Trainee: 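The structure's right below; bear with me while I get my questions together.
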Amino acid sequence: MDPNLLFWKSQGQSLLSRLHIWFNLLDPTSLLSSDAEIKNAHRLLGSGQKLNEKDGRAQTLSLSSVHADSGTVLPLIFRPPALMPISAPLVVASLLPHSSVKPALFWQLLLHSYSAGFNYANRNSSSEESNNRSLKQLLLIAGTVSYATCAGALPQIFINRLGVRSAPIQTLFRSILPVPLSAVLAFFNVYIVRSGESETGIQVFDTNGTPVGLSKAAGNKAVRETALSRAALFGTTAAVPNLLVLLLQRTRLFERSALLAAPVRHISVALVLGMMIPVSFSLFPQLGTIKKDNVEEELRAAADGGQLYYHRGL
């Protein structure tokens with residue numbers, strides 16, 4: 001079992017402990033480290049030596065920058081600490097009340113393209129024999145991005161095509177509909193991009209960390225948990241700022257200065273996204289467990305403690 005997974009097994013089984021760990025791991029300054037530093041950090045974490053305070057930096061680098069299945073360094077823009085600085089402007093722009101369909105499609109395309117890349121880079125790759133992307137996987141990613149882009153721009157398409165001028169109807173399309181739509185599309189993006197894990201299975205481990213085989217049931221559980229966490233992330237990010245602006249628009253200050261709504265919306269989207277990223281990452285353990293009765297029959301004999309472990313991905 002990879003050193004990163006061994007760490008999550010010993011330290012990340014409670015929600016509060018995972019939340020504390022992710023707040024530390026999402027430090028964007030770790031993006032400045034070189035690949036050589038990251039590899040040395042991963043090697044140190046796997047050496048079995050007792051880490052002191054000075055080695056805390058190495059632990060952070062390994063957990064935030066190294067893929068737990070392949071042991072390779074993640075691409076810079078798809079590392080967890082990069083999610084906030086890259087996705088924040090994309091999410092803010094995608095939730096703007098655009099005047100036409102083209103800018104809505106453009107920002108939706110950028111957002112879902114980045115999301116698909118992040119989901120793919122942080123998948124469980126334990127069943128893959130090589131790092132070469134198959135034609136099927138490339139088509140899945142392209143189809144996912146295309147569909148999510150068009151679906152994400154639907155509110156703006158409806159407003160333009162139907163010539164909506166009514167304020168309540170515009171509020172429905174601009175403030176209410178994007179909330180469930182954001183959550184559903186985030187779930188869809190993860191579920192389709194990582195669908196191969198459900199089809200081929202992912203590696204499961206016994207209580208000693210020894211690989212015992214591939215499980216489709218564990219793969220399906222890992223993908224579903226990650227998809228739910230991403231839906232919570234983007235759904236909440238869309239809901240809270242819209243609700244806040246709708247409430248503030250009833251105050252005297254906002255009635256006098258309607259232009260305040262835009263900066264408040266943008267700032268609140270970025271703040272909620274920043275707070276929700278560690279929360280969504282912490283909703284489910286990185287090293288998940290699956291009960292003996294829920295795995296394939298040929299793997300049940302290896303479940304000494306009544307359960308097996310699997311890497312959930314991110």
Side-chain angles (χ1 to χ4, degrees), residues 83-84 86-116 118-119 143-192 227-280 283:
L83 182 60
M84 172 60 185
I86 294 178
S87 65
L90 301 181
V91 173
V92 170
S94 67
L95 294 174
L96 285 174
H98 299 287
S99 58
S100 63
V101 174
K102 286 184 179 180
L105 286 171
F106 174 75
W107 289 110
Q108 289 290 333
L109 174 64
L110 291 184
L111 174 61
H112 292 293
S113 295
Y114 177 73
S115 296
F118 185 89
N119 295 334
T144 300
V145 172
S146 301
Y147 179 85
T149 297
C150 296
L154 279 178
Q156 188 62 49
I157 293 173
F158 287 149
I159 290 174
N160 280 53
R161 291 290 181 266
L162 300 177
V164 176
R165 295 291 181 267
S166 170
I169 302 300
Q170 285 201 3
T171 299
L172 171 66
F173 283 123
R174 294 193 189 280
S175 301
I176 299 176
L177 184 58
V179 175
L181 194 59
S182 297
V184 169
L185 292 179
F187 183 97
F188 171 80
N189 197 312
V190 174
Y191 205 83
I192 300 301
L228 287 172
S229 69
R230 206 74 87 244
L233 169 61
F234 287 102
T236 305
T237 301
V240 174
N242 284 335
L243 179 61
L244 178 64
V245 170
L246 287 175
L247 292 176
L248 290 177
Q249 283 177 339
R250 299 181 179 181
T251 63
R252 293 182 180 179
L253 177 62
F254 273 69
E255 288 177 354
R256 295 174 184 173
S257 306
L259 295 177
L260 286 175
V264 168
R265 184 192 301 273
H266 304 340
I267 294 171
S268 59
V269 166
L271 288 176
V272 174
L273 178 68
M275 290 187 292
M276 278 302 299
I277 287 176
V279 172
S280 66
L283 289 178

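In this text the structure is predicted, and so the values were computed from the model without any measurement.
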Trainee: Strictly by side chain to side chain donor-acceptor pair (under 3.5 Å), give each pair with a member in residues 153-172 just once, sequence neighbours left out.
Mentor: Gln156-Asn160, Gln156-Arg174
Trainee: For the CD1 atom of Ile86 and the OH atom of Tyr114, what is their distance to the nearest 0.5 Å?
Mentor: 4.0 Å
Trainee: Between Pro241 and Thr236, which heavy-atom pair has the shortest distance, and what is it?
Mentor: CD-O, 4.0 Å
Trainee: So which atom in Gly235 and which in Ala183 form the shortest heavy-atom distance, rounded to 0.1 Å?
Mentor: CA-CB, 3.9 Å
Trainee: Just do the side-chain contact (heavy atoms from CB on, under 4.5 Å) check on Arg265 and Asn242 with the steps written out, would you?
Mentor: CA-CA 7 Å; Arg265 184 192 301 273; Asn242 284 335; 2.4 Å; yes
Trainee: After noting the C-alpha distance and the side-chain angles of Asn119 and Arg230, does the key distance pass the side-chain contact (heavy atoms from CB on, under 4.5 Å) rule?
Mentor: CA-CA 10 Å; Asn119 295 334; Arg230 206 74 87 244; 2.9 Å; yes
Trainee: Can you check side-chain contact (heavy atoms from CB on, under 4.5 Å) on Met84 and Leu273, steps first, answer last?
Mentor: CA-CA 7 Å; Met84 172 60 185; Leu273 178 68; 4.1 Å; yes
Trainee: Can you find a heavy atom in the side chain of Leu181 that is under 4.5 Å from one in the side chain of Pro155?
Mentor: yes
Trainee: Hey, does the side chain of Ser113 reach the backbone of Leu110 with a donor-acceptor pair shorter than 3.5 angstrom?
Mentor: no
Trainee: Between Leu95 and Val269, is there a side-chain heavy-atom distance shorter than 4.5 Å?
Mentor: yes
Trainee: Rounded to the nearest 0.5 Å, how far apart are OG of Ser87 and CG of Leu233?
Mentor: 7.5 Å
Trainee: Drop me the distance from Leu111's CG to Leu185's CG, to the nearest 0.5 angstrom.
Mentor: 9.0 Å
Trainee: Quick check: closest heavy atoms across Ser182 and Ala238, and the distance to 0.1 Å?
Mentor: OG-CB, 3.8 Å
Trainee: State which residues pass side-chain hydrogen bond (donor to acceptor under 3.5 Å, both in side chains) with Tyr191; sequence neighbours excluded, sorted by chain then number.
Mentor: Asn220
Trainee: Drop me the distance from Gln108's CD to Leu90's CG, to the nearest 0.5 angstrom.
Mentor: 10.0 Å
Trainee: Nearest heavy-atom pair of Ser100 and Pro103: which atoms, and what distance?
Mentor: OG-CD, 3.0 Å
Trainee: Kindly give the heavy-atom pair with the smallest separation between Val91 and Ser94, and that separation in Å.
Mentor: O-OG, 2.8 Å
Trainee: If every non-hydrogen atom of Val264 is compared with every non-hydrogen atom of Ser268, which pair is closest and at what distance?
Mentor: O-OG, 2.8 Å
Trainee: Report yes if some heavy atom in the side chain of Leu83 is under 4.5 Å from a heavy atom in the side chain of Phe118; otherwise report no.
Mentor: yes
Trainee: Within this structure, what is the CD1-CG distance for the pair Ile157 and Leu105, rounded to the nearest 0.5 Å?
Mentor: 5.5 Å
Trainee: Nearest 0.5 angstrom please: Ile277 CD1 to Ser229 OG, how far?
Mentor: 11.5 Å
Trainee: Under 3.5 Å, side chain of His112 to main-chain N/O of Cys150, donor-acceptor pair present?
Mentor: no
Trainee: Determine whether more than 12 heavy atoms belonging to other residues, nucleotides or ligands lie under 6.0 Å from atom CZ of Phe173.
Mentor: yes
